A.B. asks: 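Dropping a structure here in structure tokens format, bear with me for questions.
As a basis for the values below, the full set of heavy atoms in this structure was taken, side chains included, without hydrogen atoms, waters or symmetry mates. Note that the coordinates shown come from a computational prediction; the quantities given were computed from them, not determined experimentally. Atoms within a ligand are numbered from 1 in the order they appear, just like the ligands themselves.
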Amino acid sequence: MTDPDGPDLTALAWPRATARLRLRPLEPADVPALHRYRSREDVAWWLGATAGTTEDLAARFLDPDRTGATLVVEHEGVVVGDLMLRVQDGWGQAEASAAAASTEAELGWVLDPDHGGRGLATEAVRALLDVAFDGLGVRRVTASCFAANVASWRLMERVGMRREGEHVADSLHRELGWVDGLVYALLADEPRP
Ligand SMILES: CC(C)(COP(=O)(O)OP(=O)(O)OC[C@H]1O[C@@H](n2cnc3c(N)ncnc32)[C@H](O)[C@@H]1OP(=O)(O)O)[C@@H](O)C(=O)NCCC(=O)NCCS
């Protein structure tokens, strides 16, 4: 569950720079860039929804709930990817659950394949972990993917996330049907290579 009063990305200072990247919140002018790579077949194959038209994508991403959970990744002044960070409640027994509010974040990522294979996504997700743990103070992050999305789970393992769930035929892919899904997680006090 998402806590509407919990911390979110707007509470932090932007942009954040890494060696090769600049991370900042999504702006309406970024939508055509997102559309360019999100409408590629090799990218859309793995995503939760196809891009549709630029207007369709704008309607989805400029919804405040989505905008507030989205960062864009710039490399040499060009938007090359986008990241999701959605703060959520951890699970707790009823009597303790207030203390679990806003203690987790669900993460996601997309990198334009024209910029893939150079560690830019890894660099962006390392920065995203810093944002989640050091910026927002969550205690645990999670991310999920189709088991066949090797690039995505290899990325998770590169940044130190642990495979915590191997779900059998739990995920419905629009072309492949029911396929296996993976869940990864990392705690704030665990090493980040
Ligand atoms: C998942 C995704 C972001 C991974 O992109 P990527 O290009 O593999 O990741 P990186 O940019 O970190 O590059 C890593 C590759 O560059 C290599 N590399 C080169 N220099 C590197 C560096 N300095 N640091 C880390 N890796 C480096 C790595 O060895 C790796 O190659 P390998 O997989 O052949 O070993 C990308 O495939 C994507 O956006 N896919 C479509 C959308 C998607 O699936 N999103 C996730 C849905 S769950």
A.B. asks: Checking the N or O distance criterion of under 3.5 Å, is ligand 1 in contact with Leu120?
C.D. replies: yes
A.B. asks: Among all protein heavy atoms, pick the one closest to atom 39 (O) of ligand 1 and tell me residue, atom and distance.
C.D. replies: Leu111 N, 2.8 Å
A.B. asks: With no hydrogens and no angle check, do the side chains of Arg139 and Thr103 hold a donor and an acceptor under 3.5 Å apart?
C.D. replies: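 There is no such pair between these side chains.
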A.B. asks: For atom 37 (O) of ligand 1, which protein heavy atom lies nearest, and how many Å away is it?
C.D. replies: Ala151 CB, 3.6 Å
A.B. asks: Considering heavy atoms of the protein only, find what lies nearest to atom 42 (C) of ligand 1 and give residue, atom and distance to 0.1 Å.
C.D. replies: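 Minimum-distance protein heavy atom for atom 42 (C) of ligand 1 reads Leu47 CD2, 3.9 Å.
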A.B. asks: Among all protein heavy atoms, pick the one closest to atom 12 (O) of ligand 1 and tell me residue, atom and distance.
C.D. replies: Thr122 OG1, 2.5 Å
A.B. asks: Distance under 4.0 Å to a non-hydrogen atom of Val110: what atoms of ligand 1 satisfy this?
C.D. replies: 39 (O)
A.B. asks: May I ask you to list the atoms of ligand 1 that are less than 4.0 angstrom from any heavy atom of Gly119?
C.D. replies: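 What qualifies from ligand 1 is 10 (P), 11 (O), 12 (O), 13 (O), 14 (C), 16 (O), 18 (N), 19 (C), 20 (N), 21 (C), 22 (C), 24 (N), 25 (C), 26 (N), 27 (C).
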A.B. asks: Would you please determine whether Arg158 falls within less than 4.0 Å of ligand 1 on a heavy-atom basis?
C.D. replies: yes
A.B. asks: Can a cation-pi geometry be assigned to Arg163 and Tyr184, taking NZ or CZ under 6.0 Å from the six-membered ring centre and within 45° of the ring axis?
C.D. replies: no
A.B. asks: Between Asp42 and ligand 1, is there a nitrogen or oxygen pair with a distance under 3.5 Å?
C.D. replies: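 Among all N and O atoms of Asp42, none is under 3.5 Å from an N or O of ligand 1.
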A.B. asks: List every atom of ligand 1 that sits less than 4.0 Å from any heavy atom of Asn149, numbering the atoms from 1 in the order shown and giving each element.
C.D. replies: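 With Asn149 as reference, the close atoms of ligand 1 come out as 43 (C), 44 (O), 46 (C), 47 (C), 48 (S).
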A.B. asks: Assess whether a salt bridge exists between Asp134 and Arg192, defined as any Lys/Arg side-chain N lying under 4.0 Å from an Asp/Glu carboxylate O.
C.D. replies: yes
A.B. asks: Identify, for atom 5 (O) of ligand 1, the protein heavy atom at the shortest distance, and state residue, atom and that distance.
C.D. replies: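 It is Ala121 CB, 4.0 Å.
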A.B. asks: Under the ring-ring contact (aromatic ring centres under 6.0 Å, His included) rule, collect the residues that match up with His173, sequence neighbours excluded.
C.D. replies: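 If we apply the ring-ring contact (aromatic ring centres under 6.0 Å, His included) test to His173, skipping adjacent residues, the hits are Trp45, Phe146.
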A.B. asks: Go through ligand 1 atom by atom and flag the ones less than 4.0 Å from a non-hydrogen atom of Arg154.
C.D. replies: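 Those of ligand 1 that fall under 4.0 Å from Arg154 are 32 (P), 33 (O), 35 (O).
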A.B. asks: Passes side-chain contact (heavy atoms from CB on, under 4.5 Å), Trp91 versus Ser97? Steps please.
C.D. replies: CA-CA 7 Å; Trp91 186 85; Ser97 63; over 6 Å; no
A.B. asks: In sequence, state the C-alpha distance, the side-chain angles, and the governing distance for Leu186 and Phe133, and then conclude on side-chain contact (heavy atoms from CB on, under 4.5 Å).
C.D. replies: CA-CA 10 Å; Leu186 184 69; Phe133 291 131; 3.9 Å; yes
A.B. asks: List ligand 1 atoms under 4.0 Å from Gly116, heavy atoms only on the residue side.
C.D. replies: 7 (O)
A.B. asks: Could you list which atoms of ligand 1 come closer than 4.0 Å to a heavy atom of Ser144?
C.D. replies: 48 (S)
A.B. asks: Any protein heavy-atom neighbour for atom 29 (O) of ligand 1 (distance below 4.0 angstrom)?
C.D. replies: no
A.B. asks: Report the member of Gly81, Gly117, Gly181 with the shortest heavy-atom distance to atom 16 (O) of ligand 1.
C.D. replies: Gly117
A.B. asks: Decide, yes or no, whether a salt bridge links Asp114 with Arg40 under the criterion of side-chain N to carboxylate O below 4.0 Å.
C.D. replies: yes
A.B. asks: If you measure from each non-hydrogen atom of His115 to ligand 1, which part falls under 4.0 Å: side chain, backbone, both or neither?
C.D. replies: neither
A.B. asks: Quick one: which of Trp109, Tyr37, Trp45, Phe146 has a heavy atom closest to atom 46 (C) of ligand 1?
C.D. replies: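 Nearest option to atom 46 (C) of ligand 1, by heavy atoms: Trp109.
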A.B. asks: Looking at ligand 1, does any of its N/O atoms fall within less than 3.5 Å of an N/O of Ser152?
C.D. replies: no
A.B. asks: Do Tyr37 and Leu111 come close enough that some side-chain heavy atom pair is under 4.5 Å?
C.D. replies: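 SC-SC contact between Tyr37 and Leu111 ruled out.
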A.B. asks: Heavy atoms of the protein only: does one fall short of 4.0 Å from atom 7 (O) of ligand 1?
C.D. replies: yes
A.B. asks: If you look at every heavy atom in Ala143 and Met156, which pair is closest and at what distance?
C.D. replies: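 Here Ala143 and Met156 meet closest at CB-SD, 3.8 Å.
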A.B. asks: Could you tell me which non-hydrogen atom of Arg126 sits nearest to which non-hydrogen atom of Pro193, and how far apart they are?
C.D. replies: NE-O, 2.8 Å
A.B. asks: Could you tell me whether Arg118 and Glu123 have a side-chain N and a carboxylate O separated by less than 4.0 Å?
C.D. replies: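 Salt bridge: no.
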A.B. asks: Is Arg174 atom CZ crowded by more than 12 heavy atoms from other residues, nucleotides or ligands, each under 6.0 Å away?
C.D. replies: yes
